[in-house]
**Student:** 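Before I ask anything, here is the structure I am working with.
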Amino acid sequence: MQKKLSAATICVQGGYKPKNGEPRVLPIYQSTTFKYDTTEQMARLFDLEDEGYFYTRLQNPTNDAVARKIADLEGGVAAMLTSSGQAANFYAVFNICEAGDHIVASSAIYGGTFNLFGVTMKKLGIDCTFVDPDAPDDVIGAAFKPNTKALFGETIANPAMAVLDIEKFARIAHSHGVPLIVDNTFATPINCRPFEWGADIVTHSTTKYMDGHAMAVGGAIVDSGNFDWTAHADRFPGLTTPDESYHGITYTEKFGKMAYITKATAQLMRDLGSIQSPQNAFLLNVGLETLHLRVARHCQNALAVANFLNSHPKVAWVRYCGLPGDKYHAMAQKYLPDGSCGVLSFGVKGTRADAARLMDAFRFIAIVTHVADARTCVLHPASHTHRQLSDEQLIEAGVAPDLIRLSVGIEDPDDIIEDLSQALDKL
Ligand SMILES: *Cc1c(COP(=O)(O)O)cnc(C)c1O
C-alpha cells in the first residue's frame, strides 16, 4: 500500500490532479452550467444516477477539487464547500434536523453560531440546549432528549479560547446515538484532526486560516463517514427513508458513506443555494497551499506575544492555551501538541474605556472584524461581534466584558511585541 501523504504535501498537492496536458494550476470553472449531448445523459444526472456537473449551485469542478483537498486534510470521506462558515454550520445541523428536533451545543462557541442555534434555528422549530463544555458526562448527558439529533462544539472556541475535550464529547454523543459535529476553524487540520478523536462531522469557516489572507468568505463541511445512520434509522429519517424529491431514493442505501454529504448537496444546496463561488474556491485553494507554513508561524508568534503580555505589569490576564498555567493547557497538550492557533485574548488593568484606548493606540495592529489572517488585528467582542449578547450570555459564552481578542499574524514577532508595548506604555 502507498504511504499516506502528510498534511504539508496535501496542502500543496491535494485535490486537483491534472491529467496529461491539462493546466498545472486548478482552473476556475467560471461557468454556471455544463453542456451535454443527449437528453438522456442530462436526465440521469438529475436522478443522481450518474456523477457529473450540470449546475454550479449544486456542484462545480473548482469547488469539488478544493473540497477534496479539505476532506483529505481532515481524513474524511467527502466534503462540500459553502458560501460561509455560517452556512456550513447551518447545513451541517439542518441536514439531520427538522422542525420538532433538538440539538445540544457547547456554550463556548462563536457568537454567530450561538445566535444561529439559539435564535434563528429556534424559529425553524429546532431547539438547542447549551451546555458548559467542561461539565462532567452526566451533566452534559442530562441535556439530551428523545428528539436530540446532534452534539456540537468548537475545537478551540472563538473567542473564549476554551479547548474542547473531543473524546468526551464523542463519547457522550455516541452513547445517545447522535453524531458529534466539531467546528475546527481555529485549530485547522494542521493542528487537530477531530475525526481521530471520535468526531463524526467537521465544519470550517474557511474565511479564517484556510484562506488566511482575508480575501474570501467561505465554509466547508467534512464527513468522516464513520457515523452509522442506519443503526439509528428512526432518528435520521431524512437519510434512511426515501426522498420523494429524488424519486424515492434513500441516501444511505444508494450512497453508503457518502450519504450525508450527498444529501446536503443534492437537497440543501438545491433548495437553499449557499454555494461558494468558484472564484472564491480558487482563492481558498491558494491559501490552503501554504496553510501548514502559516499555521506554524501563527502559533510561534502567538506564543511569543502571549509570554510578553503575561509578564506585562499593565495586563490583568492572558488566555492562551499554549501558555503553561492556562486553564486549557493540559487539554491543548493532548489535542493540539504541535500548537493551537494564533488567536489569544487578554484584559488590561483598568476600565472598559482603557481597553478601547489601548486599541486606538496601535501603529499597525488594526481594528477589524476578523481573525486568523496574515495581518495582526484586534477586536473587542463586547462592543463588536458579541454586542447583541447580554452580560450573562457573554459570561456564559466565556467572553469577559473586558476581553480583547488579539489575532497574531505572521509578521516579525518583535515588531508585533513592539507595537503592543508602545500602546501599553500610553495607558
Ligand atoms: C468566523 C467563524 C464562523 C463563521 O464563519 P463565516 O465564514 O464568518 O460565516 C464559524 N465558526 C467559527 C469558529 C468562526 O471563527
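Atoms within each ligand, like the ligands themselves, are counted from 1 in listed order.
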**Student:** Kindly assign one of parallel, tilted or perpendicular to the pair W229 and Y260, based on the angle between their ring planes and the thresholds 30° and 60°.
**Tutor:**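 Parallel.
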
**Student:** Quick check: V217 and ligand 1, any N/O pair under 3.5 Å apart?
**Tutor:**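 Between V217 and ligand 1 (N or O atoms, distance only) the closest approach is not under 3.5 Å.
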
**Student:** In the protein, what heavy atom is nearest to atom 1 (C) of ligand 1, and what distance, to one decimal place, separates them?
**Tutor:**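 The answer is K208 NZ, 1.5 Å.
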
**Student:** Just by distance, do the side chain of T240 and the backbone of F236 share a donor-acceptor pair under 3.5 Å?
**Tutor:**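 Side chain of T240 to backbone of F236: a pair is present.
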
**Student:** Between E154, R193, H204, which is the residue that forms a side chain to side chain contact (heavy atoms under 4.5 Å, CB included) with N184?
**Tutor:**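 Checked E154, R193, H204 against N184; only one passes side chain to side chain contact (heavy atoms under 4.5 Å, CB included): H204.
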
**Student:** Short list, please: which atoms of ligand 1 are under 4.0 Å from a heavy atom of G218?
**Tutor:**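 Here the atoms of ligand 1 in question are 7 (O).
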
**Student:** Can you sort out which atoms of ligand 1 are near F186, meaning under 4.0 Å from one of its heavy atoms?
**Tutor:**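 By the 4.0 Å cutoff, the relevant atoms are 15 (O).
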
**Student:** I'd like the name of whichever of A88, S205, A187 reaches closest to atom 8 (O) of ligand 1 through any heavy atom.
**Tutor:**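 Of the listed residues, S205 has the closest heavy atom.
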
**Student:** What atoms in ligand 1 come closer than 4.0 Å to a heavy atom of T185?
**Tutor:**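 Near T185, the atoms of ligand 1 are 12 (C), 13 (C), 15 (O).
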
**Student:** Answer yes if the side chains of S274 and Y91 hold a donor-acceptor pair under 3.5 Å, and no otherwise.
**Tutor:**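 Yes, Y91 and S274 have a side-chain donor paired with an acceptor closer than 3.5 Å.
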
**Student:** Specify the protein heavy atom at minimum distance from atom 11 (N) of ligand 1: its residue, its atom name, and the distance to 0.1 Å.
**Tutor:**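 For atom 11 (N) of ligand 1, the nearest protein heavy atom comes out as D183 OD2, 2.7 Å.
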
**Student:** Considering only the protein, which heavy-atom contact is closest to atom 6 (P) of ligand 1, and what is its distance?
**Tutor:**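 The protein heavy atom lying closest is G85 N, 3.3 Å.
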
**Student:** For this output row, return yes or no: ring centroids of Y29 and F34 closer than 6.0 angstrom.
**Tutor:**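 Centroid distance Y29-F34: not below 6.0 Å, so no.
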
**Student:** Looking at atom 7 (O) of ligand 1, what's its closest protein heavy atom, distance included?
**Tutor:**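 That would be T207 OG1, 2.6 Å.
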
**Student:** Would Q86 count as being in polar contact with ligand 1, using the rule that some N or O on each side must be under 3.5 angstrom apart?
**Tutor:**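 For ligand 1, there is an N or O atom that lies under 3.5 Å from one belonging to Q86.
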
**Student:** Is a side-chain N or O of S340 found less than 3.5 angstrom from the main chain of C299, in a donor-acceptor match?
**Tutor:**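 Side chain of S340 to backbone of C299, a donor-acceptor pair under 3.5 Å: no, none is there.
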
**Student:** Would you say E154 has any N or O atom under 3.5 Å from an N or O of ligand 1, going by distance alone?
**Tutor:**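 No; the residue has no nitrogen or oxygen that sits under 3.5 Å from a nitrogen or oxygen of the ligand.
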
**Student:** Just by modelled atom types, is the G15 backbone N or O under 3.5 Å from a matching donor or acceptor in the K69 side chain?
**Tutor:**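 No, because the side chain of K69 does not come within donor-acceptor range (under 3.5 Å) of the backbone of G15.
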
**Student:** Could you tell me how the ring of Y335 sits relative to the ring of W197: parallel (under 30°), tilted (30 to 60°) or perpendicular (over 60°)?
**Tutor:**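 Ring orientation, 0 to 90° scale: perpendicular.
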
